[in-house]
Number of protein chains: 2
Amino acid sequence: TSTSLLLARKIVNCKKFHLTSKLLVLDYPNNFIQSVSCQVCEHLLADPVQSPCKHLFCRTCILKCIAVLGKYCPVCRFPCGPKELLSPVKSFINVLNSLVLKCPATDCEMEVRLGEYSNHAQNHKETRMKHAYSPVNKGG
Amino acid sequence: TSTSLLLARKIVNCKKFHLTSKLLVLDYPNNFIQSVSCQVCEHLLADPVQSPCKHLFCRTCILKCIAVLGKYCPVCRFPCGPKELLSPVKSFINVLNSLVLKCPATDCEMEVRLGEYSNHAQNHKETRMKHAYSPVNKGG
Ligand SMILES: [Zn+2]
Ligand SMILES: [Zn+2]
Ligand SMILES: [Zn+2]
Ligand SMILES: [Zn+2]
Ligand SMILES: [Zn+2]
Ligand SMILES: [Zn+2]
Ligand SMILES: [Zn+2]
Ligand SMILES: [Zn+2]
């Protein structure tokens, strides 16, 4: 791993927002897990974009890297500005979205497809909001 | 790339039997192509098996390597004998089999799923056999 990639990893700071591949329910081969993970943060790809050198990143990760480290791919140093970032082929996105993971929310044991995760997580947020604004014990 | 991996590549000698990822119809990200390719021969995985260290190989490739180079994974040198080789998870096999490639046979322009390729290629063999055993010009 190059020094610039290690630096890039410190810049992105996404641990609280992204999902780890350890949540995957199935025991996939190493290289397959790498192929659905961000090359900077190593989380499961979130809103993936592809560089001209065909490396994949979460959109927020590569944009932060470019802003701080310059217009280069953090993996292979090929020139890469924000305008050169493209969406990966739909067929790859389908593979990514179909991965099944275990929801990391406390007390939620559900298995959710990655493509449905943000909708699913929305429920958890609403539940927390409700609890925050209404008395915990409504009496009776 | 390690010396033992370069040696392994010379041993397998599978160019005539395996399919190159260049036949893939869609323009996939680099790491995804690696994840569906044999870590020794770099062709599209043919009858894939998974080592205990979760690397993937064509069955014939890893068996040849083990026979010649010893009971180790050719990528990471983790101990690996023929009995430790397992089938990758079905969900990965489905991804692999669903990849669409352009049939490499002369004059065949068909796009075929990898999972259906061996059936498809059987037709080409039968056609060649027919031509071999019957006169090219049947007259009229
Ligand atoms: Zn991340
Ligand atoms: Zn990322
Ligand atoms: Zn790159
Ligand atoms: Zn949940
Ligand atoms: Zn091969
Ligand atoms: Zn192989
Ligand atoms: Zn290995
Ligand atoms: Zn054909």
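Values below: every heavy atom of this structure, side chains too, minus hydrogens, waters and symmetry copies. Letters A, B, ... mirror the listed sequences (proteins, then strands); counts begin at 1.
Between B/Tyr117 and B/His120, the ring-plane angle classifies as tilted under the 30° and 60° cut-offs.
For the pair B/Lys71 and B/Glu84, the salt-bridge criterion is not met [side-chain N within less than 4.0 Å of a carboxylate O].
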Should A/Val12 and A/Phe57 be marked as a side-chain contact (heavy atoms from CB on, under 4.5 Å) after you check the CA-CA gap, both sets of side-chain angles, and the distance that decides it?
CA-CA 11 Å; A/Val12 292; A/Phe57 308 93; over 6 Å; no

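Interface remark: of the candidates B/Ser91, B/Pro88, B/Pro48, B/Ser91 forms the most heavy-atom pairs closer than 4.5 Å to chain A. Counting heavy-atom pairs closer than 4.5 Å to chain A, the top residue among B/Asn30, B/Val100, B/Asn94, B/Val36 is B/Asn30. Taking chain A as the reference chain and counting heavy-atom pairs below 4.5 Å, the highest number among B/Asp27, B/Leu56, B/Val95 is found for B/Asp27.
Of the options A/Gln39, A/Lys54, A/His55, a side-chain hydrogen bond (donor to acceptor under 3.5 Å, both in side chains) to B/Asn31 is made by A/Gln39 and by none of the others.
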